[in-house]
Amino acid sequence: MGFLFMTSNTKFIELAKYDDELCAVRIAVEGSAAVKHEREKLLPNPATVIYADGDRQELQQKRYAKYLLNAEFDAYTSQTQGVMLGKLDLQTANIEVPSGLEYLLEDSDGDGLSFANGLLGSAAKNVTEAKWHIVVADYQGLVELDVEDVSIADAEMAKKNAKVKFKQYPRESLIQYNISTVNGVRQVDFLKFREFGYTFNKETGTRDEVTSYLTLALDKDGKYYQQKCTEGVSDVQSSTSEKNYIDGFNFIPFWVFSDEELQCGDFPQDLGYLGRIAEVCYQRYRLSADFKEVLRESLPTTYVGVEDFTLKEFENINGRKVFAKGEANVVPGKITVQTEGVGESLTPFFEKFAETKQTLKDYGAYVPESGDDETATKARINAAQQTAVLLPLAANLIEGTKALFAYAGVFEGLWDADGVEVAKEQVTVAINTEFETNSLTGMEFQQYAMAIATFTDMGRYNDELATKVMLEKGMYPKDMNADDIMKSLASGIEE
């Protein structure tokens, strides 16, 4: 029986710094219903004074209910993510691994999740939101011990029926880490993850919350071990397991997926690509709520006033304090007919909506437009931001795949830990990296087609050169043959 020590489970400041902002990004991806469910957290009450009781509280609550109902949250965050994951097209990824590891391609986590579209897809999704995502290679059963039972006997039993699995840990779950020189190599020698779960009482139909902590670390001799502890409530007893050593490893077998190349122990604080897109969407969300309230209070009206007309009298007549913008039929010193036009008072809103939409496009967000008013050139410029993220992300997915399968080979006894770097070369990964948007508008196609046909007739282009130019301009798919392209070109010009 080993000694049990009380350890700190406080999350490091730098890891917790943007937890609230990350939570908002993930909610934005979920969509409008999830955003509105958060109420004042994401849409502050417009009232300057909040009443705690009485009739005024009831009126204020009714006002906020209408304010929230009318607010519109744009789906640009989730739509942009969908476009980016679609460009990666991970379901068509081609991965070849050494014999004995093929089962992980179909069942990466022991629960039937495929590796390419499942695990890599989840990692890519998390990276677009959170910037980085951790995957640990392990024996099935070790890191998944029941939260209320962490005995070493269960760990030993798991080893007897062990299969390799990959366990995912989102950014929020990492609460502590350390870097040092172990076994002559500077590396991460300590990781602690926090997970929330529950135990279910079938007799009472109730759930008891349980928080579990998993430590992955190297001891002073450079040997890899795991340790798990739980903090329960109600009838769930808190407990800590003994250190469970994993044979064959002198490092922690994990990979940090990200959209940039990370140095050892680098866990960036900034959010993923979707962070600033979600931020602008929240600006538009709050703006739309104010817009709808002003619109509701700014119905076109006409009223007559005299020279001693007061704000109080106007409010009694109209039920609001919004004054008119224009004057007509003025009788100096006597009667003035004033009218209020809705459009004039709403102009600042329209300008801000247009400004934020352009900001979203500049950030590379997917913003569907009606009509055919955006050229392919503009679309490529707007998509350049996405491409700048997707290219390093694809490269990281490839390297991470090689590393995880190399770690899996150590568990399976195919090679030892010192042979991991060489083993990576036995894993081949092909992921789509053609992210440019080359679709042309009808007008652009006609302009290119007419120009190319003219140059061909003048003898400046032969069929081979014309075909090359058309493929470069994105007029046809790159795998289309030359004869079909020339036939289609002729047809396109005739149309």
Side-chain angles (χ1 to χ4, degrees), residues 26 29-30 85 88 90-130 132-151 153-174 191 193-200 202 207-216 226-228 230 241 244 246 249 252-257 397 400-412 414 427 429 431:
R26 296 204 189 276
V29 171
E30 287 187 56
L85 297 180
L88 280 173
L90 291 171
Q91 63 183 351
T92 63
N94 183 27
I95 303 174
E96 296 182 4
V97 300
S99 177
L101 299 177
E102 301 93 339
Y103 69 92
L104 286 167
L105 295 174
E106 300 298 325
D107 182 9
S108 64
D109 65 347
D111 291 322
L113 183 71
S114 68
F115 186 87
N117 199 39
L119 186 144
L120 291 185
S122 175
K125 179 180 183 298
N126 275 276
V127 168
T128 61
E129 297 170 10
W132 47 271
H133 185 69
I134 296 176
V135 176
V136 177
D138 202 2
Y139 280 139
Q140 181 175 356
L142 294 185
V143 297
E144 286 296 316
L145 297 178
D146 291 340
V147 291
E148 72 273 21
D149 189 348
V150 291
S151 68
D154 282 346
E156 292 300 326
M157 181 62 69
K159 285 184 179 180
K160 294 180 180 179
N161 303 300
K163 284 181 62 178
V164 181
K165 67 174 295 184
F166 300 125
K167 170 66 175 176
Q168 301 184 62
Y169 291 96
R171 170 174 171 166
E172 299 93 323
S173 65
L174 180 65
L191 294 171
F193 300 97
R194 178 174 58 199
E195 294 185 294
F196 300 100
Y198 63 87
T199 59
F200 182 68
K202 296 180 181 179
R207 292 175 174 176
D208 290 317
E209 295 180 358
V210 178
T211 303
S212 61
Y213 298 89
L214 176 69
T215 297
L216 308 179
Q226 300 175 345
Q227 190 171 32
K228 192 162 187 177
T230 62
S241 74
N244 181 43
I246 310 299
F249 282 92
I252 302 175
F254 77 103
W255 184 264
V256 182
F257 287 100
L397 292 173
T401 297
K402 291 182 177 182
L404 290 174
F405 276 95
Y407 302 156
V410 178
F411 283 114
E412 291 287 2
L414 301 181
V427 181
V429 187
I431 293 176

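- If you look at Phe166 and Tyr407, their ring centroids are not closer than 6.0 Å.
- For Ser122 (side chain) and Gly118 (main-chain N/O), no donor-acceptor pair under 3.5 Å exists by modelled atom type.
- Once rounded to the nearest 0.5 Å, the distance linking OH of Tyr198 with CD of Glu209 reads 11.5 Å.
- If you take CD on Gln226 and CD1 on Ile246, they are separated by 4.0 Å, rounding to the nearest 0.5 Å.
- For Tyr169 and Phe254, the ring centers sit 6.0 Å or farther from each other.
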_Could you go through Phe196 and Thr211, starting from their C-alpha distance and side-chain angles, then the distance that decides it, and tell me whether this counts as side-chain contact (heavy atoms from CB on, under 4.5 Å)?_
CA-CA 5 Å; Phe196 300 100; Thr211 303; 3.5 Å; yes
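- Between the CG atom of Asn94 and the OG1 atom of Thr92 there is a distance of 9.0 Å, given to the nearest 0.5 Å.
- For the pair Asn244 and Tyr139, the minimum side-chain heavy-atom distance is 4.5 Å or more.
- Counting all heavy atoms, side chain and backbone alike, Leu414 lies closest to Ser99 at CD1-O, 3.8 Å.
- The neighbour count for Glu106 CD, taken as heavy atoms of other residues, nucleotides or ligands under 6.0 Å away, does not exceed 12.
- Atom CG of residue Leu85 and atom CG of residue Asn117 lie 9.5 Å apart, to the nearest 0.5 angstrom.
- Taking NZ of Lys228 as the reference point, atom CG of Leu216 lies at 10.5 Å (rounded to 0.5 Å).
- A side-chain contact (heavy atoms from CB on, under 4.5 Å) with Ile95 is found for exactly one of Leu120, Leu104, Ile431, namely Leu120.
- Distance CZ/Phe115 to CG/Asp107: 12.5 Å, rounded to 0.5 Å.
- A donor-acceptor pair is defined here as one N or O able to donate and one able to accept, closer than 3.5 Å; such a pair exists between the side chain of Ser173 and the backbone of Pro170.
- Counting heavy atoms from C-beta outward, Val97 and Tyr103 have side chains that stay 4.5 Å or more apart.
- Checked by atom type and distance alone, the side chain of Glu129 never pairs as donor or acceptor with a backbone atom of Val127 at under 3.5 Å.
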Apply side-chain contact (heavy atoms from CB on, under 4.5 Å) to Leu105 and Glu96, showing your working. CA-CA 9 Å; Leu105 295 174; Glu96 296 182 4; over 6 Å; no
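- Results of the side-chain hydrogen bond (donor to acceptor under 3.5 Å, both in side chains) test with His133 over Gln168, Arg171, Lys125 single out Gln168 as the only residue that passes.
- Formation of a donor-acceptor pair under 3.5 Å by the Ser108 side chain with backbone atoms of Leu113 is found in this model.
- At a threshold of 4.5 Å between non-hydrogen side-chain atoms, the residues Glu412 and Leu101 count as touching.
- Residues Phe257 and Leu404 are in side-chain contact: their nearest non-hydrogen atoms beyond the backbone lie under 4.5 Å apart.
- Using a 4.5 Å heavy-atom threshold, the side chains of Phe193 and Leu174 count as touching.
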